[in-house]
Structure formats: C-alpha cells, structure tokens
Amino acid sequence: DVKVTQSSRYLVKRTGEKVFLECVQDMDHENMFWYRQDPGLGLRLIYFSYDVKMKEKGDIPEGYSVSREKKERFSLILESASTNQTSMYLCASSLPGLNIQYFGAGTRLSVL
Amino acid sequence: DQQVKQNSPSLSVQEGRISILNCDYTNSMFDYFLWYKKYPAEGPTFLISISSIKDKNEDGRFTVFLNKSAKHLSLHIVPSQPGDSAVYFCAATPNAGGTSYGKLTFGQGTILTVHP
C-alpha cells in the first residue's frame, strides 16, 4: 500500500512565525503535491513537484514556498505565517502519467 | 474561477436507497475524472474514475456517469450504507499530453449522510 505520511496532525503557530510542514511518501513517486482544504472551497493546489529540486506553482502559491531535496520528501514552508493560512493542509503523491493521487492524513494548522 | 463545481454542499439519504452526487465542469480540456471520499481526520481516498472515452464506469456499489456534452458527471451509490457517510470530492484533469504532471482540479465537496 502507498503510504504518505505528514509529520504533524495538529499545529498551532503564532502570526509571523516560519512554519515547516513535512511530507514523506514511501512509493518512489515522482509527483508530489500540497493542497489546502477549506470549507466550501474544496482542495486547492498550492505547489507541486515532478522531480527532485523541481517545483511548480499551483493555484494559490502566495505566502508559501516548497522544498524537495529528496524524492521521498516534500516540504511546505510558510515564511511568515498569517491568520488566513489557518487551514487543513494535505500532501499527495502520484506516479507520472497516472492520475490517481494518494493523500496523507493532513495537518490542521492554526495560526493565532 | 471554479472549473469544477459541486453545487450541493450536502445530501441526506436513507440506508438502502440510492445516493446521487453531482459534479459540473467548465474546462473542455478535462478528459479524465475521479471521485474521492474523505472521512474526518483522514486524507481523501480514491474511489472511482472515468475517462472521457467512456460514459459509464462501475465498481461494485459505485457507478460514475459522464455526460460530455453537458460537462456533467455523477456518482451513484446503490445501496447506500451508513459507512458511506463522508465528504465526496470530484476531480478532473487533462489526461493527455503528459505536461499536466497529474494535476487535479477539485470541486468543493458534498457531505453525504446516510441515515440508518
């Protein structure tokens, strides 16, 4: 079974803090994705990566950056957290050419 | 611009009856569609998919129908069970070309509640 692991289930941070959300997948998938889920808005793509050190902006990249130094790990970085970044963050991975994405359990981030 | 829309935020169904979840899309480049199910405190899990070359795909109790001319798809669950209570997301992607990197565009989700 594909396993996508997000390092934290719940995080509480202060406005202005730098926040790291970590995601690891164990199936050697090339593609990895970061989404946020908000009520009434569904899942919105923040960033994705199709290879080590490669990254592309998604639909809502403002205020976020990403890092992919190793194939299995994809990190989402909030350089200076703001209250409007309070959300559920979901990481996913997939193989190239295949459309099924496998998701982690999510990290619920609260920025106070 | 919401390219994939699920216009019903919630649906309530009696156990044993049919659940029908609907999804509309606007981007004519989309040619592969997926349904995901999400329980609270868990990530979405893949349920069923359909390519634009088909108009129906069935997997057990779950059937997805695609109407390309109307840019509409629906998920039918028959019979519905209390364990089906979850949030259902439809998603779409332009499958061909290899440059989409498997990017999915998701709808807003529909909360399904199946009552015993």
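A, B, ... follow the sequence lines: proteins, then strands. Residue 1 opens every chain. Please read all numbers here as calculations on a predicted model, not as lab measurements.
- Here the CG-CD1 distance, from Leu47(B) to Ile100(A), works out to 10.5 Å after rounding to the nearest 0.5 Å.
- Hydrophobic clustering (side-chain heavy atoms under 4.5 Å, transitive across Ile, Leu, Val, Met, Phe, Trp, Tyr) keeps Leu73(B) apart from Ile20(B).
- Residues meeting the salt bridge (charged side-chain N to carboxylate O under 4.0 Å, His left out) test with Asp38(A), sequence neighbours left out: Arg36(A), Arg44(A).
- Residues Ile46(A) and Met32(A) are members of one and the same hydrophobic cluster, defined by side-chain heavy-atom contacts under 4.5 angstrom among Ile, Leu, Val, Met, Phe, Trp and Tyr.
- Contacts between Pro9(B) and chain A at a heavy-atom distance below 4.5 Å are absent for every atom of the residue.
- Both Val111(A) and Tyr64(A) belong to a common hydrophobic cluster when Ile, Leu, Val, Met, Phe, Trp and Tyr are linked at side-chain heavy-atom distances under 4.5 angstrom.
- Note that CD of Gln37(A) and CZ of Phe89(B) are 4.0 Å apart. Values are rounded to the nearest 0.5 Å.
- Lys5(B) NZ: 12 or fewer foreign heavy atoms inside a 6.0 Å radius.
- Under the 4.5 Å side-chain heavy-atom criterion for grouping Ile, Leu, Val, Met, Phe, Trp and Tyr, Tyr89(A) is not connected to Phe33(A) through any hydrophobic cluster.
- Taking CG of Asn99(A) as the reference point, atom OG of Ser49(B) lies at 8.0 Å (rounded to 0.5 Å).
- Interatomic distance, Leu104(B) CG to Leu45(A) CG, rounded to the nearest 0.5 Å: 9.0 Å.
- The structure places CG of Leu41(A) at 7.5 Å from CD of Gln2(B), a figure rounded to the nearest 0.5 Å.
- Residue with the most contacts toward chain A among Pro44(B), Gly109(B), Ala91(B), Gly107(B): Pro44(B) (heavy-atom pairs, distance under 4.5 Å).
- Rounding to the nearest 0.5 angstrom, the gap separating the CG atom in Leu90(A) from the CD atom in Glu42(B) is 11.5 Å.
- Within a 6.0 Å radius of CZ in Arg17(B), other residues, nucleotides and ligands contribute 12 heavy atoms or fewer.
- The closest donor-acceptor contact from the side chain of Arg108(A) to the backbone of Ala41(B) lies at 3.5 Å or more, if one exists at all.
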Exercise. Might you work through the ring pair (Phe, Tyr, Trp, His ring centres under 6.0 Å) test for Tyr36(B) and Phe103(A), ending with a clear yes or no?
Key: CA-CA 10 Å; Tyr36(B) 278 81; Phe103(A) 283 83; 5.6 Å; yes

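- Hydrophobic clustering, with ILVMFWY side chains joined whenever heavy atoms are under 4.5 angstrom apart, keeps Trp34(A) apart from Tyr102(A).
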Quiz prompt | side-chain contact (heavy atoms from CB on, under 4.5 Å) evaluation trace for Lys103(B) with Tyr50(A) | solution = CA-CA 10 Å; Lys103(B) 283 175 59 181; Tyr50(A) 52 89; over 6 Å; no

